[in-house]
Q: 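Pasting a structure below so you can have a look.
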Amino acid sequence: MQQASLLSARSALGPPAHTTRPVPAGDLWWLTAVAAVFTACLLASALVTPGLGWDETVYVSQVDAHAPASFFSAPRARGVTLLLAPVAALTTSATVLHCYLAVLSGVALFLTLCIWRRLLPAPVPALGGALFAGLWITLFYGPQAMPNLWVGYAALAATGCFLRAVRKPSRQLAPRADRGAAAGLAAAVAVAALMRPTDAVWLAVPLFAAALCVPAWRRPVVLLALPAGLALGCAEWAVEASLSYGGLLARLRRAGQIQGGLGWHLSFDDHARALQGKTLCRPCHLAWEHPVTAVWWLVLPLAVAGAVWAVLRVREPRALHGYGPAARSGAWHPLGLAPIRPGSLVPDPAGDPGPADGRYGSGPAWPVVRLRDPRGPLHRYGPSPVVLPALVGLCLAAPYLLTVDYAAPRFLLPAYALLMMPAAWFLYWLTRLPRHGHAWAVALLVLALTGHEAIQLAIAHKMVRSTALSQAGIDRITKSLRTAGVRPPCVVSGEEAVRVAYQTGCASRQPAGHDATITPAGLARLGAGRPVAVVVAGGHKPPAYARGWRRVALPAVPDFTSLNAYVSRPVRPAGPAGPAGPARH
């Protein structure tokens with residue numbers, strides 16, 4: 001009783017000097033193992049994928065000094081090109097680029113999960129990282145030059161840095177550590193904006209709102225870091241909008257038009273069907289032949305809701321220590337966004353230090369008391385590390401589920417990265433329930449996770465194999481066009497023009513569509529002076545300007561049973577040998 005009264009008297013002075021034990025380094029092995037297995041899987045798929053996809057070609061061509069740059073549409077940002085630039089300066093080999101991105105993805109996953117080590121119980125970041133890394137979408141896009149996965153890493157890092165930056169200063173947490181977390185928050189938001197500016201806005205807005213709504217989180221360094229990171233990351237995109245699109249609003253309008261017009265579109269069913277193994281479902285007329293592939297997608301929101309429900313059931317007693325007057329008075333935020341604290345501790349009569357070990361007092365006037373966290377390791381940091389990623393994840397998913405009338409599974413990768421953390425916490429919480437008579441439930445949970453991962457790996461393998469076949473078909477088309485005399489300087493238009501043109505060393509020009517950069521008459525004039533190839537799907541007639549050009553049969557590729565190319569006959573200019581004649585092919 002005397003010790004308890006001493007603790008109560010001391011609590012009025014603020015948080016104790018040593019209330020937390022450092023996070024054990026053993027959990028780093030789990031994070032390392034998750035990242036290593038993830039990297040190995042990505043390298044395996046990178047080595048069997050011989051070429052670049054359509055979107056990848058657009059990004060890589062921007063930094064390839066030996067090929068014309070492909071059309072860069074309004075929604076795109078330059079973040080991926082900056083990521084590729086160091087290696088692309090040496091080589092643009094698809095295999096080398098994919099291996100580079102595979103290793104970089106594994107490192108990014110590891111560093112991102114390390115941010116969450118001090119926010120969640122040790123097994124949870126590793127489990128959440130494994131759940132996210134095990135999705136076929138993550139495995140498929142991990143080694144690819146695409147922006148969405150990097151937005152996911154940035155969103156997870158930004159939310160973790162935010163939670164660490166809003167801790168109240170104490171003797172356990174030096175001001176320099178606070179500044180480091182705030183700097184990490186700004187850098188993560190800037191990376192997200194470099195990759196996809198609109199996604200960065202949906203990331204920064206809920207974090208900024210949370211900092212305003214929770215009085216203990218209204219720290220100037222946090223409130224400045226979010227807009228600073230957003231402005232820094234969006235600066236290049238905004239400048240390019242002014243120079244090439246007539247202003248920022250004009251570029252946003254054009255981006256909306258390219259995406260089919262943004263409005264009220266419920267695309268939940270489209271996203272669920274696309275999980276069968278479809279990179280782009282537009283329009284989404286895909287039959288739902290394998291509903292089992294979307295079971296995890298339907299269970300994920302339930303697990304997140306269960307985590308929020310479970311973590312908000314805990315109410316902090318008034319006698320427990322925390323940071324700030326709201327915490328010390330026992331006040332509780334209605335959304336669970338309570339001040340972050342390293343642990344609320346009470347005397348441990350059994351002498352067991354528990355997961356949040358600490359000693360109270362440092363001099364002879366204060367008795368040494370071992371402390372434990374009465375809520376256990378599940379609630380060591382309060383509900384915020386569970387509630388906040390759930391809120392931010394929902395904000396990131398909302399625009400793609402509610403305003404876009406088509407589905408691409410990669411769009412939701414940032415949301416999945418955040419939602420997997422509360423889902424992993426919920427699974428960890430389930431395993432800590434009283435186990436008497438419930439061993440079968442734990443075994444069932446393990447079996448369900450194993451089956452889920454088996455399905456994800458099967459879809460990932462199918463997607464990698466399908467992509468390899470498609471890219472091998474593009475290589476065959478390229479060889480056929482080269483044999484037909486299509487060599488630089490040259491132009492390719494029509495079906496698969498972006499990939500075929502890049503592989504051939506030509507420029508890709510389209511007279512129609514969102515990337516229309518030339519008129520049919522302009523293509524005809526180009527064909528008079530250089531090789532121009534128009535690729536047409538089998539059964540379709542060539543455009544009027546190409547009907548007199550030479551027809552070249554092309555090898556079939558996936559999604560096209562037959563293809564034909566119509567190649568111009570450029571007139572060679574007169575030279576010393578005599579008058580101009582038809583070029584030799």
Q: Are the side chains of Ile474 and Glu496 in touch, meaning some heavy atoms are under 4.5 Å apart?
A: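 A side-chain contact under 4.5 Å exists here.
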Q: Once rounded to the nearest 0.5 Å, what's the spacing between atom OH of Tyr502 and atom OG of Ser61?
A: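 Taking OH in Tyr502 and OG in Ser61, the distance rounds to 7.0 Å.
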Q: In the structure I gave you, are the side-chain heavy atoms of Met146 and Val80 within less than 4.5 Å of one another anywhere?
A: no
Q: Less than 4.0 Å between a side-chain N and a carboxylate O, is that true for Arg282 and Asp405?
A: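 Salt bridge between Asp405 and Arg282, a charged N being under 4.0 Å from a carboxylate O: no.
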Q: Could you give the distance from CG (Asp269) to SG (Cys281), rounded to the nearest 0.5 Å?
A: 9.0 Å
Q: Taking atom types as modelled, find out whether Tyr400 and Trp202 have a side-chain donor-acceptor pair closer than 3.5 angstrom.
A: no
Q: Check the pair Trp296 / Tyr416 against side-chain hydrogen bond (donor to acceptor under 3.5 Å, both in side chains), numbers first and verdict last.
A: CA-CA 11 Å; Trp296 71 270; Tyr416 297 151; over 6 Å; no
Q: Say whether, by atom type as modelled, one donor and one acceptor occur between the side chain of Ser508 and the main chain of Ala501 under 3.5 angstrom.
A: no
Q: Hey, is NZ on Lys479 packed in by over 12 heavy atoms from elsewhere, all under 6.0 Å?
A: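 Not buried by this count: 12 neighbours or fewer within 6.0 Å.
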Q: Rounded to the nearest 0.5 Å, how far apart are CD of Gln62 and OG1 of Thr81?
A: 7.0 Å
Q: Using the six-membered ring of Tyr566, assess whether NZ or CZ of Arg550 lies under 6.0 Å from its centre and within 45 degrees of the ring axis.
A: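 So Arg550 doesn't make the cation-pi contact.
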Q: Among Asn148, Thr138, Thr279, find the one that has a side-chain hydrogen bond (donor to acceptor under 3.5 Å, both in side chains) with Arg410.
A: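 The single option meeting the side-chain hydrogen bond (donor to acceptor under 3.5 Å, both in side chains) with Arg410 is Asn148.
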Q: Can you tell me how far the CG atom of Leu207 sits from the SG atom of Cys161, to the nearest 0.5 Å?
A: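 One finds 10.5 Å between CG of Leu207 and SG of Cys161.
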Q: Any side-chain donor-acceptor pair under 3.5 Å between Ser493 and Arg509?
A: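 Ser493 vs Arg509: no donor-acceptor pair found between side chains.
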Q: For residues 41-50, tabulate all N or O donor-acceptor pairs below 3.5 Å that involve a side-chain atom, not counting sequence neighbours.
A:
residue, atom, partner, partner atom, Å
Ser45, OG, Leu42, O, 2.9
Thr49, OG1, Ser45, O, 2.7

Q: My understanding is that only residues two or more places apart in sequence, or in another chain, count here; which of them pass disulfide (SG to SG under 2.5 Å) with Cys99?
A: none
Q: Any side-chain heavy-atom pair from Thr95 and His98 closer than 4.5 angstrom?
A: no
Q: Considering residues, nucleotides and ligands other than His461, do more than 12 of their heavy atoms fall under 6.0 Å from its NE2?
A: no
Q: Indicate the ring-plane relationship of Phe71 and His514, choosing parallel, tilted or perpendicular according to the 30° and 60° boundaries.
A: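 If you compare the ring of Phe71 with that of His514, the planes turn out tilted.
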Q: Find the distance between CD1 (Ile477) and CG (Leu563) and round it off to the nearest 0.5 Å.
A: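 One gets 5.0 Å once the value is rounded to the nearest 0.5 Å.
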Q: Applying side-chain hydrogen bond (donor to acceptor under 3.5 Å, both in side chains), can you list everything that pairs with Tyr141, at least two apart in sequence or on another chain?
A: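 Tyr141 satisfies side-chain hydrogen bond (donor to acceptor under 3.5 Å, both in side chains) with no residue once adjacent residues are dropped.
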Q: State, yes or no, whether a side-chain contact exists between Tyr245 and Leu252 at a heavy-atom distance under 4.5 Å.
A: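 Not in contact.
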Q: Should Leu83 and Leu104 count as side-chain neighbours, where that means a heavy-atom distance under 4.5 Å?
A: yes
Q: If you measure from CG on Leu413 to CG on Leu156, what distance do you get to the nearest 0.5 Å?
A: 12.0 Å
Q: Answer yes or no on whether Arg78 is positioned over the face of Phe72, meaning its NZ or CZ is under 6.0 Å from the six-membered ring centre and within 45° of the axis.
A: yes
Q: State, to 0.1 Å, how close Cys284 and Arg273 come at their nearest heavy-atom pair, and which atoms those are.
A: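 Closest approach of Cys284 to Arg273: O-NH1, 3.3 Å.
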Q: Quick one, Leu401 and Leu266 - any side-chain contact, counting heavy atoms below 4.5 Å?
A: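 They are not in contact (no side-chain heavy atoms under 4.5 Å apart), so the answer is no.
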Q: Could you check whether any side-chain N or O of Gln456 sits under 3.5 Å from a backbone N or O of Trp136, counting only pairs where one atom can act as donor and the other as acceptor?
A: yes
Q: Quick one, Arg499 and Glu56 - any side-chain contact, counting heavy atoms below 4.5 Å?
A: no
Q: Looking at Arg465, I want to see if its CZ is surrounded by more than 12 non-hydrogen atoms of other residues, nucleotides or ligands under 6.0 Å.
A: no
